[in-house]
Amino acid sequence: MAKYLYEGNLNETVNYRKKGEVEYYIRGTVSVGGHVFERYGIKTHFIGVGEDYIALMKKYILPFIQEGDIVSTSEKVISMCQANVVRMEDMKLSRAAKFMSRFGKKTDSGIGITEPYKLQLMIDMNGMGRVLYAGIAGAVGKLMGKRGVFYEILGENTAGIDGFYSHSAFEAYHTLATLNPKEPDKVCDEIYENCHIPMMIVDANDINVHILGKSQRLNRIPNERLEALIEDNPAGQDDEQTPFVVIRDITGKKPEPYTPKEPIRAS
């Protein structure tokens with residue numbers, strides 16, 4: 001899978017469009033499985049804790065989608081709606097977490113365990129012993145040329161912690177972290193039952209994409225193909241406020257005019 005790293009907001013004015021009350025940005029096309037798909041980043045308000053994801057679908061997606069479209073949504077939005085979050089003020093930061101965070105390494109995809117509160121949350125979820133073991137195993141793995149051992153040991157829920165970013169464009173995420181959505185497949189099926197929207201919930205950044213859940217309607221499509229539809233993270237990684245991406249098969253049709261934002265790295 002290709003890896004991309006962009007700098008800044010993807011919302012180029014030249015790519016802005018509006019359909020009725022729905023604002024969106026053209027995110028370009030991608031070819032997958034012999035078909036051409038166009039992606040549209042749907043502009044929303046900042047979605048807060050406890051909002052109703054069905055209501056969001058009805059407001060932002062139903063007026064826009066067409067038959068055959070697929071919708072990708074960030075895991076963070078669903079977690080916010082489920083109030084599946086942790087706030088700094090509710091945590092007790094240990095000396096161990098402060099000390100251990102000094103040995104973390106910043107990466108292109110996030111700050112990881114260099115943030116003491118994020119590391120503390122990992123300890124709270126897994127226990128100190130398991131985190132220490134994962135840290136040692138991860139260090140050994142890197143020496144042997146294998147990356148990602150730390151999160152392989154601690155699992156998907158730990159890897160899914162997102163937030164406590166003092167540099168986030170959204171102030172709410174300075175002191176708040178989201179966890180992986182609860183029952184993501186069930187959420188997608190609920191959305192389909194209420195809105196007839198084929199949905200997938202993804203954990204995506206400018207480095208990789210991982211599907212956490214999808215509606216039964218999409219079970220016939222392998223995850224690898226669904227991931228390829230959004231491998232360049234068209235939702236964005238800054239303050240775009242385009243957490244919903246509509247993916248449309250336009251094979252044989254002319255795409256919308258689109259001016260791409262050049263990645264600062266693509267491999």
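All values below were derived from every heavy atom in this structure, side-chain atoms included, with hydrogens, water molecules and symmetry-related copies excluded.
- In this structure, a donor-acceptor pair under 3.5 Å is present between the side chains of T242 and R27.
- Between L121 and M91, some side-chain heavy-atom pair lies under the 4.5 Å cut-off.
- By the 6.0 Å and 45° rule, K19 stacks over the aromatic ring of F64.
- For the atom pair CG of L10 and NZ of K261, the computed distance is 6.5 Å after rounding to the nearest 0.5 Å.
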Run M88 and F164 through side-chain contact (heavy atoms from CB on, under 4.5 Å) and show every step you take.
CA-CA 8 Å; M88 277 187 179; F164 295 151; 3.5 Å; yes
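- For CZ of R87, the number of neighbouring non-hydrogen atoms (other residues, nucleotides, ligands) closer than 6.0 Å is 12 at most.
- Side chain of Q241 to backbone of T44: a donor-acceptor contact under 3.5 angstrom is found.
- A single hydrophobic cluster is seen to contain both M199 and V22, as judged by linkage of ILVMFWY side chains at heavy-atom distances under 4.5 Å, directly or through other members.
- Residues L212 and P181 come closest through the heavy atom pair CD1-CD, 3.8 Å.
- With E240 contributing its side chain and D238 its backbone, the two residues share a donor-acceptor pair below 3.5 Å.
- Neither M200 nor I42 shares a network with the other; the hydrophobic side chains, linked directly or stepwise wherever heavy atoms of I, L, V, M, F, W or Y lie under 4.5 Å apart, form separate groups for each.
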Chi angles and distances behind the salt bridge (charged side-chain N to carboxylate O under 4.0 Å, His left out) call for D124, K92
CA-CA 10 Å; D124 293 344; K92 183 177 181 181; over 6 Å; no
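- N157 is not listed as a side-chain neighbour of L179, based on a closest heavy-atom distance of 4.5 Å or more.
- The environment of CD in Q216 is sparse: at most 12 heavy-atom neighbours from other residues, nucleotides or ligands sit within 6.0 Å.
- Counting non-hydrogen atoms of neighbouring residues, nucleotides and ligands closer than 6.0 angstrom, the CZ atom of F99 reaches no more than 12 such neighbours.
- Salt-bridge check for E152 with K146: passed, with a basic side-chain N closer than 4.0 Å to an acidic carboxylate O.
- Outside the 6.0 Å centre-distance limit, the rings of Y117 and Y165 are not counted as a close aromatic pair.
- In the hydrophobic clustering of ILVMFWY residues, with side-chain heavy atoms under 4.5 Å counting as a link, Y24 and L62 come out together.
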Given side chain to side chain donor-acceptor pair (under 3.5 Å), test S79 with N180 step by step and report yes or no.
CA-CA 6 Å; S79 295; N180 274 343; over 6 Å; no
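- Under a 3.5 Å cut-off, the side chain of D249 and the backbone N or O of F37 do not form any donor-acceptor pair.
- Tracing side-chain contacts under 4.5 Å through hydrophobic residues (I, L, V, M, F, W, Y), one reaches Y40 starting from F244; they form part of the same cluster.
- Taking the centre of each ring, F170 and F46 come in below the 6.0 Å mark.
- Two residues are said to be in side-chain contact when any heavy atoms from C-beta on lie closer than 4.5 Å; I161 and M125 meet this criterion.
- The only member of H45, E23, K43 that meets side-chain hydrogen bond (donor to acceptor under 3.5 Å, both in side chains) when paired with Y60 is H45.
- Listed for the D69 side chain is no donor-acceptor partner under 3.5 Å among the backbone atoms of V246.
- Geometric assessment of K76 against the ring of Y173 yields a positive cation-pi assignment under the 6.0 Å and 45° thresholds.
- The neighbour count for R217 CZ, taken as heavy atoms of other residues, nucleotides or ligands under 6.0 Å away, does not exceed 12.
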